[in-house]
Amino acid sequence: MPIRTELVGSLPRPEKLQDAYEAYDQGKMTWADLQAVQDEAAEDSIRRLEATGEPIVTDGEQRESSFATYSITDTLAGTGLADNLAGDGQFFAIFDDGHHRQLPRITGGPFRYKTYASEFVKKNKAIATHDVKQAVIAASMMMLLYPLEGEVDGYPRDAFLDDVVDEVEKDIRQCFDAGAVRVSVDFTEGRLANKNDSRNPWTGKDMLQEFIDLNNRVLDRFTAQERTNIGVHTCPGGDMDSVHSKEVPYEKLLSKMFQLNAGYFLIQCASEEDKENVYRLVGKYSRDDANGVPQVCFMGVINPLDPKIETAEQVRDDLVTAAKHIPVERLGATDDCGFSPFSRDLKPRHGSPDFARDVAMRKISARLEGARMASEELGA
C-alpha cells in the first residue's frame with residue numbers, strides 16, 4: 001500500500017468570509033446571508049482540494065467558528081452561544097505572539113451541543129466527488145468549559161463529564177452516519193497540558209492523563225473496526241501564524257498520547273528542530289495493537305505557519321527518514337496543523353488569508369507528490 005496522506009481539516013477563510021463573520025456579529029448581516037458566504041467558501045475549498053488530488057477532502061472548516069467551538073457557538077465573538085454557557089470562561093491558550101483564545105463557561109446542566117459536525121458532512125457530501133472526512137473536537141477540550149475549582153450549583157463535575165462523553169460520541173457517530181469515511185479528533189490541548197503557564201492556570205494542573213482517560217471513555221465506545229477510521233490530531237497550536245506550546249518537550253506528550261485507543265494519529269513534525277527524534281519517539285511509543293487496531297502515524301511534513309512552500313523532494317526525504325523508525329505500513333503524511341483553526345485569522349506572516357489559501361493548496365500538492373515519491377523509493 002502506498003504511503004497514505006490526509007489533511008488535518010482547516011484552511012484559511014477568505015477575507016470575504018471573515019468580514020461576513022464580523023458583519024454578522026455586528027448585526028449587519030443575517031444568519032442566512034452568513035451561511036451563503038460560508039457555503040461559497042466551502043465549495044471553493046472542496047473544489048480546490050480535489051484539484052490537488054487530495055483523496056479525502058473537507059470544507060476547510062469554513063462553516064465553523066473554530067475547531068474548538070463549532071459545537072457551542074456560531075461565531076468566535078459568542079454570537080449564537082449554546083444554552084447553559086456564558087462567554088467569560090478560561091483561556092484555552094495564550095500564544096507566543098501574545099494573543100489568546102478564550103472558551104465559554106458552563107453555568108448549569110445539561111451540557112448539549114448546539115451544532116453537530118454531521119451538518120457540515122451532509123453539505124460537503126452534496127458537493128464533493130471525493131471521499132469526505134470531518135474533524136471534531138475532543139472531550140478533553142470540552143472539559144475546560146467547567147471551572148477548575150469547585151462545582152457548578154446543581155450540576156456536579158461528574159454529571160457534566162458524562163454529558164460531554166455522550167455528546168462527543170454522538171458527534172462522531174453522526175459524522176459517520178452522514179457519510180464521512182474518516183473522523184479525526186483535535187487534541188492540541190495535549191501538548192499544552194505540560195506547559196505550566198502561570199497566566200493560564202489549567203496548564204499547571206497536570207491534566208494530561210485526565211485528558212487521555214476522558215478521551216478513551218469516548219473511543220472505547222467504538223469497535224476496533226470503527227476506530228480504524230477515528231484519528232487524533234496533535235500540534236503545538238496554529239493561529240495567526242503563531243503557536244502556544246512548541247517549547248514543551250515533545251516526549252512529555254508522545255510518551256503518553258498513544259495510550260489513546262485511536263486507529264491513527266496526525267502528528268505535527270515538520271516545524272520541529274529535530275524531526276528524526278520525533279520519528280524515533282513515535283516509533284517507540286505508538287502501538288501495533290491498540291485494543292485490536294494498529295496505530296497509523298501520519299507525520300507532519302508541511303508547516304502551515306510558514307509561507308515558504310516545501311518541495312516534494314523535501315517531503316519525500318522526510319518520509320524516507322521517518323520509515324527508519326516507523327513501519328511503512330503504519331506511516332502516513334499530513335500537515336502539522338490545520339491551516340487556520342479559528343475563523344478570524346488574518347495570517348500575518350502570509351500577508352493575507354486569501355494569499356494563504358493559495359499557499360495552502362501548493363503545500364498540499366507538495367505533500368501529495370512527496371508521498372508518492374517516498375512510496376516509490378520505499379517500494380510501498
Side-chain angles (χ1 to χ4, degrees), residues 4 6-11 35 38-39 42-43 45-47 49-50 54-74 80 82-83 110-142 161-187 214-233 260-266 290-296 298 332 334 338 341:
R4 287 164 280 191
E6 184 171 323
L7 79 166
V8 172
S10 67
L11 295 168
Q35 285 185 303
Q38 290 174 332
D39 290 344
E43 181 168 1
S45 298
I46 290 169
R47 297 290 183 229
L49 283 173
E50 291 186 334
E54 187 74 78
I56 304 175
V57 301
T58 78
D59 65 5
E61 300 178 10
Q62 308 298 297
R63 300 182 175 95
E64 302 178 24
S65 55
S66 78
F67 78 102
T69 58
Y70 67 87
S71 62
I72 52 177
T73 184
D74 293 338
D83 294 339
F111 173 68
R112 296 288 185 269
Y113 281 9
K114 177 181 180 182
T115 303
Y116 294 91
S118 56
E119 295 185 21
F120 315 132
V121 175
K122 291 173 185 175
K123 291 181 177 181
N124 297 339
K125 284 286 291 180
I127 299 168
T129 60
H130 293 196
D131 285 338
V132 168
K133 72 162 284 189
Q134 180 63 42
V136 300
I137 194 54
S140 48
M141 180 69 80
M142 296 294 92
L161 294 178
D162 288 346
D163 285 344
V164 167
V165 170
D166 288 345
E167 289 298 278
V168 175
E169 178 195 7
K170 183 178 179 180
D171 202 25
I172 295 171
R173 287 198 185 280
Q174 289 189 166
C175 285
F176 284 128
D177 290 344
V181 299
R182 306 273 271 184
V183 176
S184 59
V185 179
D186 285 315
F187 186 49
L214 184 66
N215 291 330
N216 265 340
R217 286 179 59 185
V218 176
L219 291 168
D220 290 347
R221 293 184 175 188
F222 294 86
T223 66
Q225 184 176 2
E226 290 170 327
R227 285 184 287 111
T228 298
N229 291 310
I230 300 176
V232 170
H233 166 240
L260 290 165
N261 293 317
Y264 73 97
F265 291 80
L266 303 161
N291 285 3
V293 58
Q295 294 180 327
V296 179
F298 288 75
T334 188

Donor-acceptor pair, distance only, cut-off 3.5 Å: does the side chain of [X] make one with the backbone of [Y]?
X: R182; Y: E6; result: no
X: S66; Y: T69; result: yes
X: H130; Y: E54; result: yes
X: S65; Y: T73; result: yes
X: K125; Y: D131; result: no
X: Q62; Y: S45; result: no
X: K133; Y: V8; result: yes

About how many Å separate [atom2] of [Y] and [atom1] of [X], when rounded to the nearest 0.5 Å?
X: N291; Y: T223; atom1: CG; atom2: OG1; value: 11.5 Å
X: D162; Y: E167; atom1: CG; atom2: CD; value: 12.0 Å
X: Q38; Y: F120; atom1: CD; atom2: CZ; value: 8.0 Å
X: L260; Y: N215; atom1: CG; atom2: CG; value: 6.0 Å
X: C175; Y: Y116; atom1: SG; atom2: OH; value: 11.5 Å
X: F222; Y: I230; atom1: CZ; atom2: CD1; value: 4.5 Å

Taking it one step at a time, do E119 and K123 satisfy salt bridge (charged side-chain N to carboxylate O under 4.0 Å, His left out)?
-> CA-CA 7 Å; E119 295 185 21; K123 291 181 177 181; 6.0 Å; no
Going by heavy atoms in the side chains, are [X] and [Y] under 4.5 Å from each other?
X: R112; Y: D163; result: yes
X: V218; Y: I172; result: yes
X: N261; Y: V293; result: no
X: I137; Y: V185; result: no
X: I72; Y: K114; result: no
X: F187; Y: S140; result: yes
X: L7; Y: L49; result: yes
X: V181; Y: I56; result: yes

Report the C-alpha separation of V168 and Y113 in whole Å, then their side-chain angles, then the decisive distance to 0.1 Å, and conclude whether the side chain to side chain contact (heavy atoms under 4.5 Å, CB included) test is met.
-> CA-CA 9 Å; V168 175; Y113 281 9; 3.3 Å; yes
Looking at every heavy atom in both [X] and [Y], which two are closest together, and how far apart are they?
X: P341; Y: S10; value: N-OG, 3.4 Å
X: V121; Y: A180; value: CG1-N, 3.7 Å
X: A290; Y: A262; value: CB-O, 4.4 Å
X: S118; Y: D171; value: N-OD1, 4.5 Å
X: K122; Y: A178; value: CG-CB, 3.8 Å
X: E61; Y: A135; value: OE2-CB, 3.7 Å

Show your working on side chain to side chain contact (heavy atoms under 4.5 Å, CB included) between I46 and E43 and close with a plain yes or no.
-> CA-CA 5 Å; I46 290 169; E43 181 168 1; 5.8 Å; no
Listed once per pair and sorted, the salt bridge (charged side-chain N to carboxylate O under 4.0 Å, His left out) pairs that draw on residues 62-71, sequence neighbours left out = D39-R63, D59-R63
Please, which pairs that meet salt bridge (charged side-chain N to carboxylate O under 4.0 Å, His left out) have at least one residue in residues 218-231, sequence neighbours excluded?
-> D166-R221, E169-R221, R173-E226
Verdict with supporting geometry, R217 and L161, side chain to side chain contact (heavy atoms under 4.5 Å, CB included) = CA-CA 10 Å; R217 286 179 59 185; L161 294 178; 4.2 Å; yes
Are F298 and Y264 near enough that their ring centres are under 6.0 Å apart?
-> yes
Please check if any side-chain donor atom of Q134 sits under 3.5 Å from a side-chain acceptor atom of T58, or the reverse.
-> no
Worked verdict on T129 versus E50 for side chain to side chain contact (heavy atoms under 4.5 Å, CB included) | CA-CA 8 Å; T129 60; E50 291 186 334; 3.1 Å; yes
